[in-house]
There are 2 protein chains.
Amino acid sequence: MKKQKITIHDISKALKIDSSTVSRALNDSSRVSLKTKQKILDKAEELGYQRNILASNLRTNKTNTIGVIVPRISRSFFSSVISGIEDTAQNSGYNVIICQSFESFEREKKIMNTLLSNRVDGVLISISMQTTSFDYLKPYLDYGGPIVFYDRPCSFENCSSISVNDYKASYTVTEHLIQSGCKNIVHFAGPQIIDLYKNRKQGYVDAIINNGLEFKESYCFESKLAEEDGVAFAKKIISMENIDGVYSSNDTAAIGAMQYLKFMGVKIPEDIAVAGFNNDPISSVIEPGLTTINQPDFEMGKIAANMLIEQIKNETTNKESKVLDVELIIRNSSQKN
Amino acid sequence: MKKQKITIHDISKALKIDSSTVSRALNDSSRVSLKTKQKILDKAEELGYQRNILASNLRTNKTNTIGVIVPRISRSFFSSVISGIEDTAQNSGYNVIICQSFESFEREKKIMNTLLSNRVDGVLISISMQTTSFDYLKPYLDYGGPIVFYDRPCSFENCSSISVNDYKASYTVTEHLIQSGCKNIVHFAGPQIIDLYKNRKQGYVDAIINNGLEFKESYCFESKLAEEDGVAFAKKIISMENIDGVYSSNDTAAIGAMQYLKFMGVKIPEDIAVAGFNNDPISSVIEPGLTTINQPDFEMGKIAANMLIEQIKNETTNKESKVLDVELIIRNSSQKN
DNA sequence: CTGTTAGCGCCTTCAA
DNA sequence: TTGAAGGCGCTAACAG
């Protein structure tokens, strides 16, 4: 029942000007006289012409669209990254397609497939928690589309990536806790499959050891990025002795833990220092004393989009791995000893 | 530098079978013998054939894609709605393009334009805070594309809509506060331009009046859905006398207010009852005593997508306005008198 | 500056 | 069941 849309041919006929000229005018080519251009533009307006981008894309073999694969848009960090991406993309005239993998490898593969079928000009991807093999990216790379990894980098076919210096951030914040007097610091870790969380754990471990404390594996809890994990962690901590510090390297577990504690009416003792990666504005409300690592989310999105667009345009082959430093926000962490 | 992709013609040549037959086979048409179909499928696999959806879409004049316009994906309510939409869409074989208006009318118009240019099969929209005129939707409707409003309905060209019974929910929760003994209830309202927030306010007003209390306009604060508004509201409340209840009809202001109070170390007195619309799991952490109105977010997304897809497929013209009831979650609200 | 011609890759009559 | 032919709407040579 869709009405037939106006095409350049309709304009062409109405004006007795060839459709190729119409096309040129509509694309603001300099090779059309101002007079005819104006005539064409007016007619287009009059008829309510809307360019059919599908046809244009087919012809030019580009879509002016970039695909973004994200684990979950509901995660505050990611939705900020997306805003950054959209910001940059729009300024450069690109459309953005956002796809959620929900941390599922299967979905990720499927998404990559449709992005290829839709011939997006480039892809930004933060791999899912389950992703261990990257062969599924090959077809798109073979096609010639650039891929940039953001936040969760991985060395594959020397694609570009942009991420945060997780190791350093982790080391710094752990050391900060130690210098505040903590001697028994528990660590809420993320899935160790993901390099990012591995690096964060390593930062914690090294800070512990280099500062003369004893590293205990039993102080490390590995989360699958679910709030329930945090609840379990909270229960464990309550049952443990001596704990005087907590460092969480993922929001989700931390939020879960806090929810539980709040729900149970357990106040985090003043003498337990808490620190964590945290881009959710909310957790600062839950626990204002928290020392937080502030990740450059919006900025990361902008940089990622820029890197990708550059590769799309220049058809350059030089790949790079950018690493951003993070900001440590020290609130009113309790000072011990 | 993009490599030339395999087309049906490559398969056609390799097999000496006409491309039209290849096309049929690839579309699993019944008018191809099983034998040739298998041969074609094998060859396609072997050559790494990837259908060019652009071309297919151009030819068939449909894209199997629906566009979703959302004010902000970072709002918990909306990201759940989106998940619901994606869920349904995927099951029906539709792709989803998510676009954020950031509550800007200008962006909304631009988005609608590119969605039309991209010939999406249908559009789900929750209008921005600034949107007052709907003429910009005309071109898409003229084109024949269906539009369904979600969450923020508006009567335009009798498009379908799906929303929540805001008036009733608001009335109920206000009455609940009154029955708990509240006599001076402040209302954090949303932008009165948006019908939804107007309805919520009306629910509050009517509940107040019908229960024999006096309605005071000075008890109503209008938010622009920014956290700063909440901060301002919190300050006001602190300076006011007699307030024994707060009902917020938007998360954002509520969260802002709570952040501020928490930051200032002000505990919400036990004898002030608080209630609000709230889909952010976090605020229940901030204030576990909160009586909340639980909106069917995920479900709304599914229903919206279903309504739209039905209209796309059936090319039906019957429009409807669905209104969902909400669930009132009464936690440990303080009982007065 | 404008028109002619020829496709982009796919699908869909129509005929065999 | 298969092939031949044409065209979706647009753009990019190449002429003129």
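Values below: all heavy atoms of this structure, side chains included; hydrogens, waters and symmetry mates excluded. To find a chain, count down the sequence lines: A is the first, B the second, and so on, and within it residues start at 1.
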If the condition is side-chain contact (heavy atoms from CB on, under 4.5 Å), which residues does [X] pass it with, not counting sequence neighbours?
| X | answer |
| --- | --- |
| A:Thr65 | A:Thr63, A:Asn95, A:Ile97, A:Val120 |
| A:Ser161 | A:Phe149, A:Pro153, A:Ser321 |
| B:Arg59 | none |
| A:Glu46 | A:Lys43 |

Sugar-phosphate, base or nothing in reach of A:Thr60, heavy atoms under 4.0 Å: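 Sugar-phosphate contact only.
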Sugar-phosphate only, base, or nothing, as touched by A:Ser56 at under 4.0 Å among non-hydrogen atoms: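 Sugar-phosphate, backbone atoms only, no base.
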Residues which pass ring pair (Phe, Tyr, Trp, His ring centres under 6.0 Å) with B:Phe134, listed by chain and number, not counting sequence neighbours: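 B:Phe134 satisfies ring pair (Phe, Tyr, Trp, His ring centres under 6.0 Å) with B:Phe156 once adjacent residues are dropped.
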With sequence neighbours left out, write down each residue that passes side chain to side chain donor-acceptor pair (under 3.5 Å) with [X], or none if nothing qualifies.
| X | result |
| --- | --- |
| B:Arg72 | none |
| B:Asn91 | none |
| A:Ser33 | A:Thr36 |

Out of D:dG3, C:dC11, C:dG3, whichever nucleotide has its closest atom nearest the side chain of B:Asp18: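 Per side-chain heavy atoms of B:Asp18, the pick is D:dG3.
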Cation-pi check, B:Arg119 onto B:Tyr143 ring (under 6.0 Å, within 45° of axis):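 Yes - B:Arg119 lies over the ring of B:Tyr143, closer than 6.0 Å to its centre and within 45° of its axis.
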Atom-pair distance (CG on B:Asn57; C1' on C:dC11), nearest Å: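 The distance from CG of B:Asn57 to C1' of C:dC11 comes to 12 Å, rounded to the nearest Å.
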Selection residues 85-109 of chain B - residue pairs positive for salt bridge (Lys or Arg N to Asp or Glu O under 4.0 Å), sequence neighbours left out: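 Counting only pairs at least two positions apart or across chains, the salt bridge (Lys or Arg N to Asp or Glu O under 4.0 Å) contacts touching residues 85-109 of chain B are B:Arg75-B:Glu103, B:Asp87-B:Lys302, B:Glu103-B:Arg152, B:Glu106-B:Lys109.
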Angle of first-five versus last-five pair axes in the helix from C:dC1-D:dG16 to C:dA16-D:dT1, to 10 degrees: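 Taking the rotation axis at each end, their angle is 30°.
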Strand contacts (DNA chain D) in residues 24-34 of chain A, 4.0 angstrom heavy-atom criterion: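 When residues 24-34 of chain A is checked for heavy atoms under 4.0 Å from DNA chain D, the hits, listed by number, are A:Arg24, A:Asn27, A:Arg31.
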Contact list for DNA chain C against residues 36-54 of chain B - heavy-atom distance below 4.0 Å: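 Per residue number, the list reads B:Tyr49, B:Arg51, B:Asn52.
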Short side-chain N/O contact to D:dT11 OP1/OP2 from A:Ser23, under 4.0 Å: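 Answer is yes, contact under 4.0 Å.
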